[in-house]
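The block underneath contains the structure these notes are about, expressed in structure tokens.
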Amino acid sequence: MTKTFDMIALGRACIDLNAVEYDRPMEETMTFKKYVGGSPANIAIGSAKLGVKVGFIGKISDDQHGRFIKEYMSEAGIDTSQLFTDQKGHKAGLAFTEIKSPEECSILMYRDQVADLYLAPEEIDEEYIKQTDLLLVSGTALAQSPSREAVLKAIAYARKNQVKVAFELDYRPYTWQSPEDVSVYYSIVAENADIVIGTRDEYDELEGKKGGTNQATTDYLFQHRPELIVIKHGVKGSYAYTKKGETYQAGSYKTKVLKTFGAGDSYAAAFLYALNKGKDIETALKYGSASAAIVVSKHSSSEAMPTAKEIEQLIADQS
């Protein structure tokens, strides 16, 4: 059966307001540039730019910000038929970014009563999920109900219809009630995913302990459904582990860093794209690392997502 989509992403689509003035604290920043943001939206946009057929499930505000998000994603080539408009006055999440220096960036989030966390289980359509090879879910959507239950329902539909599930840990402390909540819901979803992607720190949140090891993480998760686990270690590169016992590693690529955010989303988009194209895991890690290097050298996250040609060029130049 030919599927309509290579990937459907589920979760938040919101607004990034990135500081136009660099090398200064936010208190002194007077101008910001608007982009679409949010991990699943960024991954969807990055994937679409790579030529992946992408659908999106989420909820946006019934206002100018919501319309901007929907229009931008549609123009990027993403199917937005399951991007619902909130009818209860919830607003789009806002992320103001501060670029003090390449090493010192921060994000100020406004995520109280945001529309994306009001995606309801009854809005999840089994027929839609059936139409993809891969469902991508992100951790932030698990922070509150009803979005949390919507994610679990989508995963149940994916499992029922032999659709692979990728879980991008995407840990953001805001909107979570407690570290215990994070650990409980991350564990439930990670144990039921086929692919899990995150930073070492995010896996520590999942496991509810600091200073965890890759060995302990893989020993735990391979008792469950995951077939492939990717653990990122920042500039030290990333590791991929398979259930069969194989380990792969890729270093990071040199780049002129402008800011630190957006790297994880571009990494996931390129890594999953390479796997979808039938490339081996080691090559997929290189695609992820190269894509991340390109995005941290540019101003936006969503708009900066590279093409396959740009990724391949960087890999060739530094190999």
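Ring planes of Tyr220 and His224: perpendicular class, angle over 60° (limits at 30 and 60°). Aromatic ring pairs are classed by plane angle as parallel below 30°, tilted from 30° to 60° and perpendicular above 60°; the pair Tyr171 and Tyr186 is perpendicular.
Aromatic ring centroids of Tyr118 and Phe84 lie 6.0 Å or more apart. Between Phe96 and Phe32, the distance from one ring center to the other falls under 6.0 angstrom. Here Tyr157 and Tyr128 keep their ring centres 6.0 angstrom or further from each other.
Defined by atom type and a distance below 3.5 Å, a donor-acceptor pair is missing between the side-chain atoms of Asp86 and Ser61. Neither side chain, Asn18 nor Tyr35, offers a donor N or O lying under 3.5 Å from an acceptor on the other. A donor atom on one side chain and an acceptor atom on the other are not found under 3.5 Å apart for Tyr248 and Thr242. For Ser74 and Thr80, the side-chain atoms include at least one donor-acceptor pair closer than 3.5 Å. Side-chain atoms of Ser183 and Glu205 form no donor-acceptor pair, as typed in the model, at a separation below 3.5 Å. Neither side chain, Thr199 nor Asp201, offers a donor N or O lying under 3.5 Å from an acceptor on the other. Side chains of Glu168 and Ser138: a donor-acceptor N/O pair is absent below 3.5 angstrom, by distance only. For the residue pair Gln313 and Asp317, a side-chain donor N or O sits within less than 3.5 Å of a side-chain acceptor on the partner. Side-chain contact of Thr85 with Asp62: a donor-acceptor pair under 3.5 Å is absent, judged by distance alone.
The environment of Lys33 atom NZ is sparse: at most 12 non-hydrogen atoms of other residues, nucleotides or ligands sit within 6.0 angstrom. In the displayed structure, Lys164 atom NZ is contacted under 6.0 Å by at most 12 heavy atoms of other residues, nucleotides or ligands.
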Query raised in the report: So Leu117 and Thr175, side chain to side chain contact (heavy atoms under 4.5 Å, CB included) or not? Walk me through it.
Result: CA-CA 10 Å; Leu117 289 174; Thr175 68; 4.2 Å; yes
Requested in this report: Might you work through the side chain to side chain contact (heavy atoms under 4.5 Å, CB included) test for Val36 and Ile15, ending with a clear yes or no?
Outcome: CA-CA 5 Å; Val36 170; Ile15 300 286; 5.6 Å; no
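Taking a cutoff of 4.0 Å between a charged side-chain nitrogen and a carboxylate oxygen, Lys59 and Glu123 qualify as a salt bridge. Using a 4.0 Å cut-off between charged side-chain N and carboxylate O, Lys309 and Glu312 make no salt bridge. A salt bridge links Glu126 with Lys160: at least one charged nitrogen is closer than 4.0 Å to a carboxylate oxygen. The pair Glu207-Arg200 meets the salt-bridge criterion, since a charged nitrogen lies less than 4.0 angstrom from a carboxylate oxygen. By the 4.0 Å N-to-carboxylate-O rule, Asp116 lies close enough to Arg111 to be salt-bridged with it. Between Asp194 and Arg225 there is a salt bridge, with a side-chain nitrogen of the basic residue lying less than 4.0 Å from a carboxylate oxygen of the acidic one.
Connection of Phe167 to Leu272 is not established within any shared hydrophobic cluster, with ILVMFWY side chains joined at heavy-atom distances below 4.5 Å, either directly or through further cluster members. The same ILVMFWY cluster, assembled from side-chain heavy atoms under 4.5 Å apart, contains both Val165 and Leu221. Under a hydrophobic clustering in which Ile, Leu, Val, Met, Phe, Trp and Tyr are joined whenever their side-chain heavy atoms come within less than 4.5 Å, directly or via other members, Val137 and Leu119 fall into the same cluster.
Tested against Met305, the residues Asn42, Ile294, Ile43, Leu50 include a single side-chain contact (heavy atoms from CB on, under 4.5 Å) partner, Asn42.
Note that OG1 of Thr97 and CD1 of Ile99 are 5.0 Å apart. Values are rounded to the nearest 0.5 Å.
At least one donor-acceptor pair closer than 3.5 Å links the side chain of Thr213 to the backbone N or O of Ala216.
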